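Every chain is numbered from 1 and lettered A, B, ... according to where its sequence line falls, protein lines coming before strand lines. Small disclaimer: the values here were computed from a predicted structure and weren't measured.
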Amino acid sequence: MEFEPKILGIACNWCTYTGADLAGTTRVQYPHNVRVARVMCSSRVNPAFIFRAFQLGSDGVLIGGCEPGDCHYSTGNYYARRRLAITKKILEFAGLEPERFRVEWISASDGIKFAEVVKEFTEEIRALGPQTKFKVKKDIET
Amino acid sequence: MKDIENRLKQEAKRLLESGEAEVVLAYGRGYDEKHPMPYAAKAVSDVDNIVFDEYCTFNMTRYLTEYPLGTKIAIAVKSCDSRTLIVLMQEEKVKREDIVILGIPYRDMIDSKTGKAIDNSTACNLPNPVLYDILLGDEVTERDDGSPYDVLKELEEMELDVRWEFWSKEFSKCIRCYACRKACPMCYCDPCFIDQSQPRWADKSPSLESNLMFHLTRFYHLAGRCIDCGECSRACPVDIPLHLFHKKVSKECEEMFDQVSGMSLDDKQVMVDFKMEDSDEILL
Amino acid sequence: MLKKIGLEKLNEFVSALIEKGTLFAPVKGDAGVDFQEIKNAGDVTLDFYNTLQSPKCVFFPQTDDMVRYRLKKETTDIEEISLDFEPRIAFGIRPCDVKSFEIMDKLFTRGGIVDPYWESRRKNTTIMGYAFDAVDPADFYGAFGIHAADTTGSDVFMVKGEKNLLLKAITEKGEKLLSSVDTLEDALEEDRKYFEERLKKGAELETRTLSLEGVAGKLRDMFGSPYWEKVAAPCLNCGVCTFVCPTCHCFDIQDETLFGEGTRRKIWDSCMFTDFTLEASGHNPRTQKSQRLRQRVNHKFSYYVTNFEVTSCVGCGRCTRSCPVNIDILTVVEEAVESV
Ligand code: SF4
Ligand code: SF4
Ligand code: SF4
Ligand code: SF4
Ligand code: SF4
Ligand code: FES
């Protein structure tokens, strides 16, 4: 069976999630590989969510927030940027392909960018193949 | 070294007598010469039990958060230990005015478990305490030991998959005794995330996966806070080189945010701070 | 029956043992030697003082599966885990550790309730004891009347000489095992002499010691003493001392479920952990580390004595050697008793 990447997307309510919504309502085509969870702000993303997602079988994790300067809570994404940068370094030093983790700032009006990022990321993950390193070794249906 | 011990006793006695300190956190005798113990002197009569020798590796700041805020404490600190104080003060876990810092100018301590000298491959091993009120001896002279991150070279140069092999083998050994966490002066949370049952972040059984969840999250929690004392690795009964991972996270923090943890009371910790001009490149 | 095998032929012998059942033996790892289930004969080592962790894992592994399940809409599929274990051989167990099995038996099988997980492994295991040839300063098994070459409790007892490993059958079970392995040679008169001499020497080796008389009562009486605060001050409340201990037996039962599928397992727990006594209501009757250290010491040296007439410690010294802050249980007990 051909490998279909499973990607967790975590998007902030005010920008990226709205952008994803817009992509949907304007019928921009993008792969269904990303399942999006909504949080209020990118700074709500606890890095443990990301580690856990890889454990539960995600092949990639995509975090989306507002453009710097545009965060609904003014500075949330500035904090998030530092946290997620360190998270990525931790993943990489542990031996996980850093390409499996991506952060993008996507504004509410940018349905097109959302679709493009998802397309590109899905293809990158497809090329990397299934993520088996962190995944709990068990035949789990995800 | 005997001089340091004598000065330590002298100061402890003076501070307890004058009431400047209610307790002096230092080192005491253990079951034999090579195994001293952390020691809390609370009365002048306790002072005789204080010792200092090269096996007194403990980072006594670990005990500070056990005392109610406002307790007057005198504490013996070596170089990395003093950096912990700065971090704990930044986090308002202790107040500068409550602490009398007895700085110990001594390095190259010996790990009693391995018999090996502690150097900058296993700790920060700065020559002198960074912050102190009283220095218990002459300053140790600088010496070119290279960077405390030199030891990372081999791991950094490894292929990704080889590094994964390395860490997965190490984390598989973990028996989840939590000595690393409990020895760490910065791990004072109650409850720790790993003990939470709602949500349960990882299984309690020590499988590679649940161990990985514990360690990666803990490494993240120590980002910008760890001061490289190496207590976590020394405490580990199965010798997992946790300090290497912590060193790497610290190194990245320094490179990205241009600040060394626990060096100045005026700093704001990098993970609770940001700069507008932080570059998106750090996310690549 | 006294048999022998040349040390250079240890591999052959170990291979033969693997044929006889699931073999647990000392293996060298990064941090020290530990008992493991043996797949390759070459992994086994006889060159160690004592293992980092105790051999309790042979009968009481850190995680022990009880039942597997799959949650469905209305029902749950259950798969019980078979307790029909293959015969086991525990190889290279030091005399103090051999004694720990007997102490654990009391709790797991004679307390009125039988723990099938312990018992089913224990009853079909052959124990091959192994004489110490030196004493570590942390050890104090002498306090419990155990000596460095004590054969009590072993089915087979082994002594390592310069060239040979000598093996003596102590029980019928041991005799059966030794006579079924043909890689072994019969011992000669000089071997017999050497073996006896080593037993004698073992009995003469001195460890630290302590008089147990009245200890249980004294500890009980000083339950409320401020001594505990003082002695627990350096304690980190990690679980090292209890995890490495051959007689610590606390476990938790956890359902570990992922996407509707899971396992109910026994997992080691430790009275040194803060959440050991945490109740569902949020109340915790043991919030102080002094209370927790007191529990560890008193359980071993007082409550267990009341319940089973034996101290739940064999003086193997592991807790002392592994404690990150060098707390020594012997000193703690000694000073406690002196303080009354
Ligand atoms: S993580 Fe380790 S090296 Fe860092 S402060 Fe804690 S104990 Fe020290
Ligand atoms: S691992 Fe994290 S939650 Fe646990 S004690 Fe350390 S800092 Fe706190
Ligand atoms: S001290 Fe070592 S064995 Fe214990 S939990 Fe930490 S890493 Fe695991
Ligand atoms: S006695 Fe030592 S090993 Fe045991 S919990 Fe305390 S610090 Fe950890
Ligand atoms: S309490 Fe310590 S010395 Fe006694 S049996 Fe346990 S580990 Fe060995
Ligand atoms: S609300 Fe979008 S990043 Fe903060």
Residue, of A:Ala94, A:Pro98, A:Ala85, that accumulates the most heavy atom pairs under 4.5 Å with chain B: A:Ala94
Nearest atoms (heavy-atom pairs only) where B:Asn59 meets B:Glu231: N-OE2, 3.0 Å
Contact class of A:Glu97 relative to chain B, heavy atoms under 4.5 angstrom: both
Sidechain N-carboxylate O distance under 4.0 Å for B:Lys95, B:Glu92: no
Part of B:Met158 within contact of chain A (heavy atom distance under 4.5 Å): neither
Per-residue contact mode, A:Lys133 against chain B (heavy atom under 4.5 angstrom): both
Distance in Å, A:Ile106 CD1 paired with A:Glu67 CD, rounded so as to fall on 0.5 Å steps: 9.0 Å
Proximal component of B:Leu160, with respect to chain A [non-hydrogen, under 4.5 Å]: both
Options A:Ile90, A:Thr87, A:Ile50, A:Leu96, ranked by heavy-atom pairs under 4.5 Å with chain B, top entry: A:Ile90
Pick from B:Asp203, B:Ile282, B:Val162, B:Leu152 with the largest number of heavy-atom pairs that fall under 4.5 Å of chain A: B:Ile282
Segment of B:Leu208 engaging chain A (4.5 angstrom heavy-atom cut-off): neither
Contact winner vs chain B - A:Tyr78, A:Phe54, A:Phe101, heavy-atom pairs under 4.5 Å: A:Tyr78
Expected output: side-chain A:Arg27 to main-chain A:Ala23 donor-acceptor under 3.5 Å: no
Backbone N/O of A:Gly64 and side chain of A:Glu104: donor-acceptor pair under 3.5 Å: no
Check: B:Trp164 ring centroid to A:Phe134 ring centroid under 6.0 Å: yes
Closest-packed option against chain B by number of heavy-atom pairs under 4.5 Å, given A:Asn46, A:Leu91, A:Val103, A:Ile86: A:Ile86
Side-chain heavy atoms of B:Tyr220 within contact of A:Arg83, under 4.5 Å: yes
B:Asp280, part contacting chain A, at a heavy-atom distance under 4.5 Å: both
Contacting region of B:Ser210 [heavy-atom separation from chain A under 4.5 Å]: backbone
Parallel, tilted or perpendicular: ring planes of B:Phe245 versus B:Trp167, cut at 30 and 60 degrees: tilted
